[in-house]
Amino acid sequence: MLKYIIPSVKLTLVMIVLCAVAYPLLVSGIARFAPGQGKGETLSVNGKVVGYANVGQSFTRDDYFQGRPSAVGYNAAGSAGSNKGPSNADYLKTVQERIDTFLVHNPGVTREQIPAEMVTASGSGLDPDISPASAAVQVQRISNLRKIDAQILQQLITEHTEKPLLGPQKINVLKLNIALDQIK
Amino acid sequence: MNTEITGVLVTFFITLLIAFPLGKYIARVFRGEKTITDFMSPFERFIYKICGIDPTREMTWKQHMAALLSINLVWVVYAFFVLIFQDKLPLNPDGNPGMTPDLSFNTAISFLVNCNLQHYSGESDLTYLTQLIVVTFLQFVSAATGVAAVAVLFRAFAEKTTTKLGNFFVFFTQTITRILLPLSIIMAVILAFNGTPASFDGKDSIVTLQGDSVQVSRGPAAGMIAIKHLGTNGGGWFGANSAHPLENPNYVTNMVEIVAQVILPMALVFAFGFFIMRRRLGYVIFGVMTLGMLTFMIPNFFSEMGGSPALAKMHLANATAMEGKEVRLGVPASAYWQVMTTVISTGSVNSMHDSSMPMSGAMQMLGMMTNCFYGGKGVGLLNYFIFLIIAVFISGLMVGRTPEFLGRKVEAREIKIAAIIALLHPFLVLAGTALSAYFAAHHADINWAVKPGAWLNNPGSHGFSEMLYEYTSSSANNGSGFEGLGDNNLFWNITTGIVMILGRFIPIIGPVAIAGLLAKKKYIPQSAGTLQTDTATFGIMTYAVIMILAALAFFPALTLGPIAEFFNLY
């Protein structure tokens, strides 16, 4: 076995250089030409960065469209899901509380209108998206608070709904709210 | 919803479309025939030269294993110390601390053995340096180790009677230079152009639209995420793995990642058929593996699509099982991933398995309990080979003939090895689970970093599933988890570390030994009395052996976990 150790050590060094130095540097170099130069794509308002397009952020103010519940409070430096099992009684109580809170903040909405995704935590805790139905259920609230016609908000949702060829329809909450702020 | 189901079918179809020609290519590489990557030859010769390797020297199966174990020993020692001292090394823009010895022990083994069980969170417990020179490095070389081991199997059955089975270092090097690196570069670029970070900048501080200050973790992740899938490793750059929106930004990257992790395990099966000039055998093995995958996929898919029964009682607009899932990926693509990542031992996740429905959890565990439907990089086929030998033996007994496989008599010694390997996996899983259940129940207050009483994130049978899943994942070298488990403490770091290392090397040595022993034997030409192993009948026989062994070993444990939870919920 000893006679294999020396070539093993040498081969290890070569592979570290190849796979852990040259390869990531190459990828990093090519990624400079990608959107966001490989640093992650950001969104700005009036020249000020307000977030990463792909990383969900917390919207607690009622006059914004809100994203999904997050097990880590949208901590973008410590992603995680809740890891609660579907039969966990405490977890189901939390969900019930979220429903109650949602109903208080959204007068006129009934529980039959709330999509499950709005009361369940995402996998990463940083889900940047919601479904069109989850945006629609918030229209009345925002319309009341911002004094914007519900029709206009509905229009805004339609414009921001991404309909990929494959996969689910979705709306990026941050992009939607940036556009919302621009309605005067 | 229809676009989502189409998405899953398209994904599987693309996987097949790539895996088949890739299998042909791999067979050509290991035969030393002309391929499009021949421009690598001078570079490879340069590597052999500076490392003092004679590429023409052929090895016996024992020499193969000696070389494999030597180089793996070097890696584990290296990784262990670098992780402990990472805080004193450069490229640590976020100022993360060094690892504790028990966490480093677990992490070094975990990446060495292609498991990628993570008791840490990438954002806060690794530096950019260790993400690259430990994690990414081991993701390449552990995958190449598995392929180099299965290449011995290829050689053993390609010739009539031989002890010369190629050179380990050559198989290993070529796997990296001609298979893993080129594919990884292509994939990393696709990811980077879809929004995965690839630069060396540290955490960013921003003020959000509504005025909160937040920090956003980044880093040179794209390259690591590519090899994590191509090498069936599965360890994520970020804590949330491929559920993280930077690690898996959209539906397209999701398809790329799930295709990437399946193509090589599939391709190796085809490559085996091409290499030993028995394509039919390759197709039969592929057919059985696909049947096995579907056996778990279909119940999992329907269980996830059926939604959550407890949510249904709350009378919302729907009861979609979105806990632990991401909107951009949706339920069907998450369900598909849950099964694929467990049958092929990748263990990356795009949804939190802990929050999936009980039957889904059972299917994920069964994927790892059988661990050979496509299976991990190289080792999946080796595991399958063990069951194949057992099926040959049982069939031989049934029809009253000497068991033979590809013209070699299968005798007592080979069967003994196969039996030990087949029993090892259930032993490691069940013994580990029993031990942890004992501590959780009877010694809840031991002063470990996480007290046994606080290990479980969920009560009752689901809590039991968390422990069962952890050992199943460790022994199968999968690496996914019911991540609610409080596993960063002395007990879990040490026990799963031991389980991982046994669950890796013994199931590599066993089948390679059988292959080596069979290759030495006198070749018996086919006759009317030969058991045909490349028929559907024999395929079904192998399938039955795998399923019966798994059921006998694991059914009682599954009853206490997901099955009990199922009957409580529905």
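Letters A, B, ... are given to chains in the order of the sequence lines, protein chains preceding strands, and every chain is numbered from 1.
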Novice: How are the rings of B/Phe169 and A/Tyr4 set to each other: parallel, tilted or perpendicular (split at 30° and 60°)?
Specialist: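 The rings of B/Phe169 and A/Tyr4 sit tilted, inter-plane angle from 30° to 60°.
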Novice: Quick one: pull up OG in B/Ser308 and CG in A/Leu92 and give me the separation to the nearest 0.5 Å.
Specialist: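 B/Ser308 OG to A/Leu92 CG: 7.0 Å, rounded to 0.5 Å.
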Novice: Any donor-acceptor pair under 3.5 Å linking the side chain of A/Tyr23 with the backbone of B/Gly223?
Specialist: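 Yes, A/Tyr23 side chain to B/Gly223 backbone: donor-acceptor pair under 3.5 Å.
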Novice: Scan for ring-ring contact (aromatic ring centres under 6.0 Å, His included) pairs involving residues 125-150 of chain A, sequence neighbours excluded, and state none if there are none.
Specialist: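 Counting only pairs at least two positions apart or across chains, no ring-ring contact (aromatic ring centres under 6.0 Å, His included) contact touches residues 125-150 of chain A.
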Novice: Minimum heavy-atom separation for B/Phe137 to A/Ala20, with atom names?
Specialist: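 Shortest heavy-atom contact: CB-CB, 4.1 Å.
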Novice: Looking at A/Ile6, I'd like to know if its CD1 atom is crowded, meaning that more than 12 non-hydrogen atoms belonging to other residues, nucleotides or ligands lie closer than 6.0 Å.
Specialist: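 For A/Ile6, atom CD1 is not crowded (no more than 12 foreign heavy atoms under 6.0 Å).
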Novice: Rounded to the nearest 0.5 Å, how far does CZ of B/Arg328 lie from OG of A/Ser131?
Specialist: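 Rounded to the nearest 0.5 Å, the OG-CZ separation comes out at 14.5 Å.
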Novice: List the atom of B/Glu4, the atom of A/Gly167, and the distance in Å for their closest heavy-atom pair.
Specialist: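 Nearest heavy atoms, B/Glu4 then A/Gly167: CG-C, 3.8 Å.
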Novice: Among residues 110-128 of chain A, which ones touch chain B with a heavy-atom distance under 4.5 Å?
Specialist: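 Residues in range: A/Arg111, A/Glu112, A/Gln113, A/Ile114, A/Pro115, A/Ala116, A/Glu117, A/Val119, A/Thr120, A/Ala121, A/Ser122, A/Gly123, A/Ser124, A/Gly125, A/Leu126, A/Asp127, A/Pro128.
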Novice: Judged by atom type as modelled, is there a donor-acceptor pair below 3.5 Å linking the side chain of B/Asp201 to the main-chain atoms of A/Lys39?
Specialist: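 No: the side chain of B/Asp201 does not pair with the backbone of A/Lys39.
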Novice: Can you pull out every side-chain hydrogen bond (donor to acceptor under 3.5 Å, both in side chains) where at least one residue sits in residues 186-197 of chain B? Sequence neighbours excluded, please.
Specialist: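 Found B/Asn194-B/Asn250.
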Novice: Side chain from CB out, backbone as N, CA, C, O: work out which of these in B/Arg218 comes under 4.5 Å of a heavy atom of chain A, or both, or neither.
Specialist: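 Contact with chain A: side chain only.
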Novice: Are A/Gln37 and B/Ser199 close enough that a side-chain donor and a side-chain acceptor fall under 3.5 Å?
Specialist: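 Side chains of A/Gln37 and B/Ser199: no pair found under 3.5 Å.
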Novice: What residues of residues 45-65 of chain A sit under 4.5 Å from chain B when only non-hydrogen atoms are counted?
Specialist: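 Contacts with chain B: A/Val45, A/Lys48, A/Val49, A/Val50, A/Gly51, A/Tyr52, A/Asn54, A/Val55, A/Gln57, A/Ser58, A/Phe59, A/Thr60, A/Arg61, A/Tyr64.
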Novice: Can you tell me how far apart CG (A/Asn88) and CG (B/Asn457) are? Round to the nearest 0.5 Å.
Specialist: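 If we round to the nearest 0.5 Å, A/Asn88:CG and B/Asn457:CG are 7.5 Å apart.
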Novice: For the side-chain contact (heavy atoms from CB on, under 4.5 Å) test, which of B/Glu483, B/Met352, B/Glu323 pairs with A/Ser82?
Specialist: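 Only one option passes, and that is B/Glu323.
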Novice: Can you see which heavy atom on B/Ala67 is nearest to which on A/Ser8, and at what distance?
Specialist: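 Heavy-atom minimum between the residues: O-OG, 4.4 Å.
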Novice: At a heavy-atom separation under 4.5 Å, does A/Phe33 approach chain B through its side chain, its backbone, both, or neither?
Specialist: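 It is both, since atoms from each part get that close.
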Novice: Against chain A, label B/Lys325 side chain, backbone, both or neither, depending on which of its atoms sit under 4.5 Å from a heavy atom there.
Specialist: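 Backbone only.
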Novice: Need one label for A/Asp90: side chain, backbone, both or neither, based on atoms under 4.5 Å from any heavy atom in chain B.
Specialist: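 Neither; nothing under 4.5 Å.
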Novice: Counting distance only, does the side-chain N/O of B/Ser355 pair as donor-acceptor with the main-chain N or O of A/Lys84 below 3.5 Å?
Specialist: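 Indeed, once roles are kept as given, a pair shorter than 3.5 Å links the two residues.
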